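Everything on this sheet refers to the single structure shown next.
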Protein chains: 2
Amino acid sequence: MTQDRIDLDVSVGYALKHAAAALRTSMDAALRPLDLNVSQYSCLEVLGHRPGLSVAELARATFVTRQSMHTVLQGLQDRGLLSRPASVPSGRALPTRLTPDGTHLLTRASAAVAEVEASMLRDLSAAARVRLHGDLVACTSALVEG
Amino acid sequence: MTQDRIDLDVSVGYALKHAAAALRTSMDAALRPLDLNVSQYSCLEVLGHRPGLSVAELARATFVTRQSMHTVLQGLQDRGLLSRPASVPSGRALPTRLTPDGTHLLTRASAAVAEVEASMLRDLSAAARVRLHGDLVACTSALVEG
DNA sequence: TGCGTCATGTCAGGAGTCTGACATAAAGTC
DNA sequence: GACTTTATGTCAGACTCCTGACATGACGCA
């Protein structure tokens, strides 16, 4: 047992929550001019890197349920930003792909988010950024593995 | 300009979001036996450290709107975990305090969350934990300041 | 072939949080 | 004193995300 009481001033969990909240707020503000929220952007970004993902795969990649991703996809599809076949010759998973409009909007959104991320990391050296990334991945792995 | 495109494999923002999502999931699971969600626990924890805070102050401390905190407080008050005067001699802010029941539940909840945090940090040295905390605070400051 | 298990897509309902709005109280300004 | 600004508490509505549920298709196994 390391400790059985939380001290907010030194709690990594509290700092993590605070940082994530601040990042979300900044991303929301940066994406608002493009009429995108963070969930919609996350969906587009992942899809840009890995075209053809199904709803369930997208949901796992963006840390939401597939039900939530379903409604997000419907909205983006209605706006013509992505396309999905009504059926596939084999299997049940429906591969999703960005349309040209979706790709164009993603380019602008990705640039806006990159600015936010650069702003967030402006006081950290390149080495510190790599280290921070590694520490966060280690924390995530430790939590997921139980 | 550091970069104008996001690479998810090395994105600190993505790793931060992932870690925060995993932490929230683990905390939810740890708090469920106590019939508390993360928002309710956060409220109790902050109140344990800083008794007498108002709704607006609690909201800022837990990174939600004061409207959201208002409903959280109502639920906790209905369960007899905290008390709030109907009015105060001066000013508008109503100071909130934990009841004995609230203090007792917080003790158990805090221990459960401390276990989750210890699990999250199990692969990091004491020095690395301090460093990670500092880096997260730096990121938050950079985002808030713009 | 038949059956059990698993993953997927989707619908329905509910819980939580947000934005917008309004009234009230303190503090500063003229 | 009168006004503006700021902060607070609260209500209402909308949005997002969740849990629960069901049907469908792929796969493993007897």
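Bear in mind the structure is a predicted one, so any value in this text is a computation, not a measurement. Per chain, numbering begins at 1; letters A, B, ... match sequence-line order.
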Yes or no on side-chain contact (heavy atoms from CB on, under 4.5 Å) for A:Leu81 and A:Leu98, after CA distance, side-chain angles and deciding distance? CA-CA 6 Å; A:Leu81 299 175; A:Leu98 295 178; 5.8 Å; no
So, is [X] close to the [N] phosphate, meaning a side-chain N or O under 4.0 Å from OP1 or OP2?
| X | N | result |
| --- | --- | --- |
| A:Thr65 | D:dC18 | yes |
| A:Arg84 | C:dT10 | yes |
| B:Asn37 | C:dG16 | yes |
| B:His70 | D:dT10 | yes |
| B:Arg60 | D:dT8 | yes |

B:Arg66 CZ to C:dA23 P, in whole Å, measures 15 Å
Is A:Arg129 salt-bridged to B:Asp135, going by a charged N under 4.0 Å from an acidic O? no
Nearest to the side chain of [X], which nucleotide is it out of [options]?
| X | options | answer |
| --- | --- | --- |
| B:Ala93 | D:dA23, C:dC11, D:dG9 | D:dG9 |
| A:Arg92 | C:dG9, D:dG9, D:dT16 | C:dG9 |
| A:Val72 | C:dT17, D:dC17, D:dT8 | D:dC17 |

Between A:Thr71 and B:Pro95, name the one whose nearest nucleotide on DNA chain D is closer to the 5' end.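 Closest to the 5' end, via its nearest nucleotide, is B:Pro95.
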Is any N or O donor-acceptor pair between the side chain of B:Gln67 and the base of C:dG20 shorter than 3.5 Å? yes
Distance-only donor-acceptor check, side chains B:Glu45 and B:Ser42, under 3.5 Å: no
Identify whether any heavy atom of A:Ser68 sits under 4.0 Å from a base atom; if not, whether one sits that close to sugar-phosphate; answer base, sugar-phosphate or nothing.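 Base contact.
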